[in-house]
Amino acid sequence: MGGFPVLADAISAIENFVHVFIIVYILLIFGYIITSWVRLPYSPWLNRIQRFLYDVCEPYLRLFRRILPPFGPLDLSPIVAIFSLGILRVLIDAILEQFH
């Protein structure tokens, strides 16, 4: 039974990583949304930040834009993407809970 505490620690570490990863990714999506709404003054640093947010968020959001029908000027893909991340978190928690 000496190996079980190590397995429990590894599972807890995986759960923590998944939670932090999903929270950070959601925050990046929110940052991407805000920078797409607000016209920022030109600055090399702001341009780099916007480009980083675009490069990180756009491929994931594009998955949902292919599926969702267009609703005029409204882009609902970030909302669906954030909800799907929440569902993914619950699913991963349920799977990892079986190993506790």
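Along the sequence shown, the residues carry numbers beginning at 1.
Hydrophobic clustering (side-chain heavy atoms under 4.5 Å, transitive across Ile, Leu, Val, Met, Phe, Trp, Tyr) groups Phe83 together with Leu74. Under a hydrophobic clustering in which Ile, Leu, Val, Met, Phe, Trp and Tyr are joined whenever their side-chain heavy atoms come within less than 4.5 Å, directly or via other members, Ile49 and Leu27 fall into different clusters. Phe52 and Val24 fall within a single hydrophobic cluster, where Ile, Leu, Val, Met, Phe, Trp and Tyr are joined by side-chain heavy atoms under 4.5 Å apart, directly or via other members. One hydrophobic cluster, built from ILVMFWY side chains closer than 4.5 Å, cannot hold both Ile87 and Ile22; they sit in different ones. Under the 4.5 Å side-chain heavy-atom criterion for Ile, Leu, Val, Met, Phe, Trp and Tyr, Phe71 and Leu63 are members of the same hydrophobic cluster.
Residues Tyr60 and Ser84 approach most closely at OH-OG, 2.7 Å, considering heavy atoms. The minimum heavy-atom distance linking Gln50 with Thr35 is given by the pair NE2-O, 3.4 Å.
Counting heavy atoms from C-beta on, the side chains of Leu76 and Phe64 never come closer than 4.5 Å. Counting heavy atoms from C-beta outward, Ile82 and Phe30 have side chains that approach closer than 4.5 Å. Counting heavy atoms from C-beta on, the side chains of His19 and Asp93 come closer than 4.5 Å. Contact check for Val80 versus Ile67: no side-chain heavy atoms found under the 4.5 Å cut-off.
Note that the CG atom of Leu88 and the CD1 atom of Ile92 stand 4.0 Å from one another [nearest 0.5 Å]. Note that CG of Leu28 is 12.0 Å distant from CG of Asp55, once rounded to the nearest 0.5 Å. Leu96 CG to Leu91 CG: the interatomic distance, rounded to the nearest 0.5 Å, is 11.0 Å. Atom CG of residue Leu68 and atom CG of residue Leu61 lie 10.5 Å apart, to the nearest 0.5 angstrom. Taking CD of Glu58 as the reference point, atom OG of Ser77 lies at 7.5 Å (rounded to 0.5 Å).
The closest donor-acceptor contact from the side chain of Tyr25 to the backbone of Val56 lies under 3.5 Å.
Between Tyr54 and Tyr32, the ring planes lie tilted relative to each other; the angle falls in the 30° to 60° range.
Listed by chain and number, the residues in a salt bridge (Lys or Arg N to Asp or Glu O under 4.0 Å) with Asp75 are Arg65 (sequence neighbours excluded).
The side chain to side chain contact (heavy atoms under 4.5 Å, CB included) test with Ile29 singles out one residue from Leu85, Ile79, Leu53, and that residue is Leu85.
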